[in-house]
Protein chains: 2
Amino acid sequence: MPRPRSLNPIQIASAALAVIDQGGLSALTMRGVAKELNATAMCLYRYVADRDELEALVVEQALADVDTTAPVDGDWRERVAVLVRRMRVVIGCHPAVVPLLPVHRHRSPTVLRWTESLLAVLAEAGLDGTRRAVALRALLAYTVGAIQLEHLGPLSGGGTTAMAALSPAEFPHLAATAADARRVDPDAEFDGGLEILLRGLAT
Amino acid sequence: MPRPRSLNPIQIASAALAVIDQGGLSALTMRGVAKELNATAMCLYRYVADRDELEALVVEQALADVDTTAPVDGDWRERVAVLVRRMRVVIGCHPAVVPLLPVHRHRSPTVLRWTESLLAVLAEAGLDGTRRAVALRALLAYTVGAIQLEHLGPLSGGGTTAMAALSPAEFPHLAATAADARRVDPDAEFDGGLEILLRGLAT
DNA sequence: GTCGTAGGTGTACAACGTACTCCTACAGGG
DNA sequence: CCCTGTAGGAGTACGTTGTACACCTACGAC
């Protein structure tokens, strides 16, 4: 009986993701997303309760193309690494959503499926109960933290450069390490940290 | 010759921290902080360039009582753990600043001194060059990530509870692990993850 | 006392999220 | 075919935010 809807949540999520990809996090406004859809700001409230829910939609849309199926090749450590890297790669395509991840992570079906796959691998590795819960949180913490450091930490490079320029008298190790760090590419850095974690899990 | 200042950066930082501790991150506004100081919003701009700089001040103030001196007791792994735990405890006293940490971390002198101490311990452990840089980033990523998960993840507990209530048919491992996770206290969880990382660093 | 400088205040504006009100396009019944 | 009830979309408006600008004023040096 009623008038049919002219938008759907996927269109809204896509538009919002486009806005944020193009203009950064500060461009994500109700009015901005509405304009992208040739609609008005208030119209969006027929589909989302508030801005918070719009953010959750963006996060889910950004994560949607993470492959959450269980990897089959390699031992369990390699399979964990594959899952974690898949997540990182996809997030890397939408760096502006990084600040939204910690807040909306637990509402995303993709994150749930991904976590389920991760836990399955950990179970195969012989981890169960509390030890598995701790292992999961450690992997989650590292993943979230590393991705944030990568994208927010130095506003991509500036922070590390600034640290490398610190007085070697006051901060000898920091200045030296920052100089070293500039020569490590982000992939190697991420994988290196992940490997440390996986070595720790294996023993 | 000029009129003397009636405020100083420490007063502003303290007032801002008080505001955010009491009213949460959303209470941190120029007007709100000004009211706390019995001043006007515009007055603050004689001391900080913009809101961003005020946030940096809050972060530094919140972290100010982290003891960044090098621990002396225990082997290097224990000393790393002591430094990391000191940071976590202090941040735990100001949970509302957690979302500001990733953005302003690299501007904080306290973080610089803390990092310097951490690197010194890693150097004693025989790590140098690229390997030390990677180890540091891994520890940083875990620390930042774990603290965020702890304070933002589930709005403290609700998310884990929601996950425990998921359909065991669709998410068997997740539902079980979430149920287990509810019985792990936060300190043990954090220390457990940290220990995994340190074990990985030791080999 | 006088003066110049710099600190504090007041006003104002654009942009934000969103509550409320109205108009109107459409699916079903006659 | 028209008519009608319902729900979608638009418009307006309000309170709050950060902050630019102009003004006033309190104070140290002479």
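Bear in mind the structure is a predicted one, so any value in this text is a computation, not a measurement. Just so it is clear: chains get the letters A, B, ... in the order the sequence lines come, proteins before strands, and each one is counted from 1.
When distances are taken from the side chain of Thr29(A) to each of dT18(C), dG18(D), dC16(C), the shortest belongs to dC16(C).
Sorted by first and then second residue, the pairs that involve residues 106-122 of chain B and meet salt bridge (charged side-chain N to carboxylate O under 4.0 Å, His left out), not counting sequence neighbours, are Asp52(B)-Arg107(B).
Tyr47(B) carries Arg5(B) over the face of its six-membered ring, with the cationic atom under 6.0 Å from the centre and within 45° of the normal.
With sequence neighbours excluded, the residues satisfying side chain to side chain contact (heavy atoms under 4.5 Å, CB included) with Leu166(B) are Leu112(A), Met163(B), Phe171(B), Leu174(B).
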Exercise. Can you give one letter per nucleotide of nucleotides 24-30 of chain C, going 5' to 3': B for a protein heavy atom under 4.0 Å from the base, S for sugar-phosphate only, - for none?
Worked result: BBBB---
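Annotation: proximity of residues 14-22 of chain B to DNA chain C (heavy atom, distance under 4.0 Å) is found for no residue. Near-neighbour residues of DNA chain D inside residues 37-44 of chain A, defined by a heavy atom below 4.0 Å, number-ordered: Ala39(A), Thr40(A), Met42(A), Cys43(A).
Interface remark: the Arg46(B) side chain does not form any donor-acceptor pair with the dT9(C) base, using a distance-only criterion of under 3.5 Å.
Between Asp128(B) and Leu122(B) the shortest side-chain heavy-atom distance does not fall below 4.5 Å. Taking 4.5 Å as the limit, every side-chain heavy atom of Leu17(B) sits out of range of all side-chain heavy atoms of Ser14(B). Two residues are said to be in side-chain contact when any heavy atoms from C-beta on lie closer than 4.5 Å; Leu149(B) and Arg137(A) meet this criterion. The closest side-chain heavy-atom distance from Pro9(A) to Glu53(A) is not below 4.5 Å. You'll find the side chain of Leu118(B) stays beyond 4.5 Å of the side chain of Val121(B), heavy atoms only. A 4.5 Å side-chain heavy-atom check between Asp65(A) and Thr110(A) finds every atom pair outside the cut-off.
Surrounding CZ of Arg131(A) are at most 12 heavy atoms belonging to other residues, nucleotides or ligands under 6.0 Å away.
Within the nucleic acid shown, Arg5(B) comes within 4.0 Å of sugar-phosphate atoms alone, with no base atom in reach, counting heavy atoms only.
The residue among Tyr47(A) and Arg31(A) whose nearest nucleotide of DNA chain D lies closer to the 5′ end is Tyr47(A).
Between Ile12(B) atom CD1 and dG7(C) atom P there is a gap of 12 Å when expressed in whole angstrom units. Distance Leu54(B) CG to dT19(D) C1': 13 Å, rounded to the nearest Å. The CG atom of Asp50(B) sits 8 Å away from the P atom of dA20(D) (whole-angstrom rounding). The interatomic distance linking Arg51(B) (CZ) with dA15(C) (P) rounds to 19 Å, in whole Å. Summarising the geometry, the separation between NZ on Lys35(B) and C1' on dT16(D) is reported as 13 Å, rounded to the nearest angstrom. For the pair Asn8(A) CG and dG8(D) P, the computed distance is 14 Å after rounding to whole Å. Between Met30(A) atom CE and dT17(D) atom P the separation is 19 Å, expressed in whole Å. Taking atom CG of Asp52(B) as the reference point, atom P of dG18(D) lies 12 Å away to the nearest angstrom.
When all heavy atoms are compared, the tightest approach of Ala16(A) to Val58(A) is CB-CG2, 3.4 Å.
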What pairs of donor and acceptor atoms, side-chain ones from residues 21-33 of chain B against any protein atom, are under 3.5 angstrom apart with sequence neighbours left out?
| residue | atom | partner | partner atom | Å |
| --- | --- | --- | --- | --- |
| Asp21(B) | OD1 | His94(B) | ND1 | 3.1 |
| Asp21(B) | OD2 | His94(B) | ND1 | 2.8 |
| Thr29(B) | OG1 | Gly32(B) | N | 2.9 |

